[in-house]
Asker: 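Sharing a structure, written as structure tokens. Questions coming.
Every chain is numbered from 1 and lettered A, B, ... according to where its sequence line falls, protein lines coming before strand lines.
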4 protein chains.
Amino acid sequence: MKNNKPKYNQIIEAAVKVIAENGFHASQVSKIAKAARVADGTIYLYFKNKEDVLVSVFEEKMGQFIDKIAEAISQKQNAEEKLYSLIEMHFRQLSDDYYLAIVTQLELRQSNYTLRLQINKVLKPYLTVIDSIIKEGMEQKLFRSNLNIPLVRQMIFGTIDEIVTNWVMKEQKYDLMSQVPEVHALLIGALSSKG
Amino acid sequence: MKNNKPKYNQIIEAAVKVIAENGFHASQVSKIAKAARVADGTIYLYFKNKEDVLVSVFEEKMGQFIDKIAEAISQKQNAEEKLYSLIEMHFRQLSDDYYLAIVTQLELRQSNYTLRLQINKVLKPYLTVIDSIIKEGMEQKLFRSNLNIPLVRQMIFGTIDEIVTNWVMKEQKYDLMSQVPEVHALLIGALSSKG
Amino acid sequence: MKNNKPKYNQIIEAAVKVIAENGFHASQVSKIAKAARVADGTIYLYFKNKEDVLVSVFEEKMGQFIDKIAEAISQKQNAEEKLYSLIEMHFRQLSDDYYLAIVTQLELRQSNYTLRLQINKVLKPYLTVIDSIIKEGMEQKLFRSNLNIPLVRQMIFGTIDEIVTNWVMKEQKYDLMSQVPEVHALLIGALSSKG
Amino acid sequence: MKNNKPKYNQIIEAAVKVIAENGFHASQVSKIAKAARVADGTIYLYFKNKEDVLVSVFEEKMGQFIDKIAEAISQKQNAEEKLYSLIEMHFRQLSDDYYLAIVTQLELRQSNYTLRLQINKVLKPYLTVIDSIIKEGMEQKLFRSNLNIPLVRQMIFGTIDEIVTNWVMKEQKYDLMSQVPEVHALLIGALSSKG
DNA sequence: TATGAATGAGTTTTCATTCAT
DNA sequence: CATGAATGAAAACTCATTCAT
């Protein structure tokens, strides 16, 4: 519903651009308003406050992000392939969107505790997707049966996230996509029942 | 040399406490000074500015942190045991220091880009320790010989860091130390030449 | 253009009053804002910073000051009369504006080098007016033909300025206007070709 | 008596140097102490407070300054020659002492009202010297008999002071001494009974 | 809906001065 | 006499948010 209003999206897109270009702490409401070609006050017609803008940026962008990953995964047959697909889609989407990568990996992490909690809430579905892959892998006997799901999920997410963050901090000087097979192999090694 | 001055350490300890209790953005210099039982101005006799206090907190604490890990590792014979020791010491030190865990996992990450770069510089030796374990494991034929060292290091650090962060965000409601064997097993699974 | 905004002038007038009453160094932005009946932040909508407020005070006030002198002079026929007019108008305007006299003679001189340079720039047109009177007097053979113009200008300005400053420091206890003829006579004596 | 203490003079000289090199507002007590090679606290054994240091700088330096002028004048026979001598000595002493010129013409004027009053008190004897020359000139019938002494004194001092200030602000790019004859001629023109 | 002028709370840092040694 | 570590008050400026139009 929110999304039908063109100004709403205008502001979201402007926020991503402004944060990516100026950094989290230099992204004043007035700067976002200017980039969105609306008045400062207009922002408060669509968002409760500045924090709401930032959370919404994350919600909108991560929503699409997760949806695409979920869809890609649904077309794969087994947990191994699904994990591959997840890594690939995760990397690809951030590889393809320069601004988004900076904003999610570096800038939005400078937010305060409240915002962080809300960001975690948005991430929940992604973590659930990871959990389901783990479960499926165990059911399919591809993964060891005694895996501690939350722990494994934290390993998978922590690994992927750290690799992307490193790539962003190195100013994306190397090719992220080419690392997919190795990352997948490492994680499969950790989970595989054949170990 | 710095450390011999008692006020210097008084301020560092106060900063950790204040940041842990109030959060990064609510940790005014005056609050730190009060907690250290010194005048506001005294802080500027020992530190260039507020950022210098924060960087120094990280330097001092992570310096000790890494030293202890390095020492523990040096007494182990092979890469597998060293990795176990690293995970254990990493978890134990943060497990034992409530404030430090909050500060390193949550609060200091809210810092700006400049501060982040300096924090990364402090972390460098830790990453080097991880690298050396990986190399040693490959030499000892315990780990696969074709490991991509930076990638593996990112997996190890990302995994450990994510697990600690989760534990801190869950308000340390569960026992972190009990997870050491499983984390070690997962990582060894990823690296082992026996896979 | 700036001047059309009522708040701009409100702030300028408040600044003159506050500086005259409290002295240069005790004229905080918050005090000026309060006197202008605006919020502190409003000052920064109209001025770049505090120094800009002070420079603008001088620009606005000296602009008018010099304009009035220039106009009065333009109606006089010869250099002698023009010099008389200049002294008279200079004294009259400061005589009539208690606050302005204190601000220009005492308070704004406490400014730092940067501000002083800008004040000098504003004064430039006034010095040019003096120069033109000297030149005209030489052309009209009323003044000696070999006058060193910068030097004579410095004598005229130095004399007038010192007399006004003395009057302000003596808390304007005597009548400044009554001194005009004598000051004029002295200066004419210095310049006159009849000497 | 003060002067017999070597540290007292050390501090005075350091203050002149520091003020000339750093400007009035950047001349902290600690900087003066360092330049004088004494501890900060030592300054307070010889001076009541910072203002006292500045006043003392002016007292010491202007005391010598005025003494030399008074002595030079005492050897001259008539008011015209005495005025010449006064101008020449005034210019020469500032011409010869780079730091002193900057400090008296530019930096010490940035002081507040209290300090200004004390500086004026120090200047009093100089103004008395000027007054006595004017009186003598009137008695000797060299000057007009109806001169308004305070006004003439203000003209003489205002002229000399403005010329020196201009020379200092122009970074002493030209020769001040060469202007003595013209300045003298102008002032004599203003005062002379032959006009 | 949309605007943007106005608000005012909030924080780092400096530096003259003191006083225990 | 001399030191210099410690003190703590004081002020410019930013920016999220409001509200009259």
Side-chain angles (χ1 to χ4, degrees), chain A residues 5-8 10-11 25-34 36-54, chain B residues 5-8 10-11 25-34 36-54, chain C residues 5-8 10-11 25-34 36-54, chain D residues 5-8 10-11 25-34 36-54:
Chain A
K5 316 222 181 183
K7 297 232 163 137
Y8 175 88
Q10 236 168 283
I11 293 165
H25 286 111
S27 296
Q28 298 86 344
V29 170
S30 62
K31 219 178 250 173
I32 295 172
K34 199 172 181 183
R37 296 176 177 275
V38 300
D40 294 15
T42 304
I43 292 201
Y44 292 86
L45 298 175
Y46 294 92
F47 302 89
K48 216 174 75 218
N49 51 32
K50 187 181 178 179
E51 184 168 307
D52 189 26
V53 177
L54 302 174
Chain B
K5 312 221 182 184
K7 298 248 157 114
Y8 176 87
Q10 233 167 287
I11 293 165
H25 287 111
S27 294
Q28 299 88 341
V29 170
S30 63
K31 222 177 249 172
I32 295 171
K34 199 172 180 183
R37 297 177 176 274
V38 299
D40 293 15
T42 303
I43 296 209
Y44 293 87
L45 295 177
Y46 295 92
F47 302 90
K48 219 173 71 220
N49 50 34
K50 187 181 176 179
E51 182 168 310
D52 189 28
V53 177
L54 303 175
Chain C
K5 312 222 181 184
K7 298 250 157 111
Y8 176 88
Q10 233 168 287
I11 293 165
H25 286 112
S27 295
Q28 299 88 338
V29 170
S30 63
K31 223 177 248 171
I32 295 172
K34 199 171 181 182
R37 296 175 177 276
V38 298
D40 294 17
T42 304
I43 297 213
Y44 293 87
L45 295 177
Y46 295 93
F47 302 91
K48 218 173 70 220
N49 51 33
K50 187 181 177 181
E51 183 169 307
D52 189 28
V53 177
L54 302 174
Chain D
K5 316 223 180 180
K7 298 230 164 136
Y8 175 87
Q10 237 167 283
I11 294 165
H25 285 112
S27 295
Q28 298 87 342
V29 170
S30 63
K31 219 178 249 171
I32 295 172
K34 199 171 180 184
R37 296 172 178 275
V38 298
D40 294 16
T42 304
I43 293 201
Y44 291 87
L45 298 174
Y46 294 92
F47 302 91
K48 217 174 72 219
N49 51 32
K50 186 182 178 181
E51 184 169 306
D52 189 28
V53 176
L54 302 174

Asker: For the residue pair C/D52 and C/F47, what are the closest heavy atoms and their distance?
Answerer: OD2-CA, 3.4 Å
Asker: Between atom CD1 of B/I43 and atom CD of B/Q10, what is the distance when rounded to the nearest 0.5 Å?
Answerer: 10.5 Å
Asker: Taking B/K31 for its side chain and B/A26 for its backbone only, find out whether a donor-acceptor pair lies under 3.5 Å.
Answerer: yes
Asker: With the sugar-phosphate defined as primed atoms, P, OP1 and OP2, and the base as all remaining atoms, what B/S/- string results for nucleotides 5-13 of chain F, 5' to 3', for protein heavy atoms under 4.0 Å?
Answerer: -BBB--SSB
Asker: Could you check how far NZ of A/K34 sits from C1' of E/dT3, rounded to whole Å?
Answerer: 16 Å
Asker: Please report the distance separating the C1' of F/dT21 from the corresponding atom of E/dT1, rounded so that it comes out in whole Å.
Answerer: 13 Å
Asker: When Watson-Crick pairs (N1 to N3 and N6-O4 or O6-N4) and G-U wobble pairs (N1-O2 and O6-N3) count only below 3.5 Å on both distances, what is the dot-bracket string of DNA chain E, with | for other-strand pairs?
Answerer: .||||||||||||||||||||
Asker: Specify the separation, in whole Å, of atom NZ of C/K31 and atom P of E/dG8.
Answerer: 19 Å
Asker: With a 4.5 Å limit on heavy-atom distance, are the side chains of C/Q28 and C/K34 in contact?
Answerer: no
Asker: In Å, rounded to the nearest 0.5 Å, how long is the span from CD1 of B/I32 to CG of B/L54?
Answerer: 6.0 Å
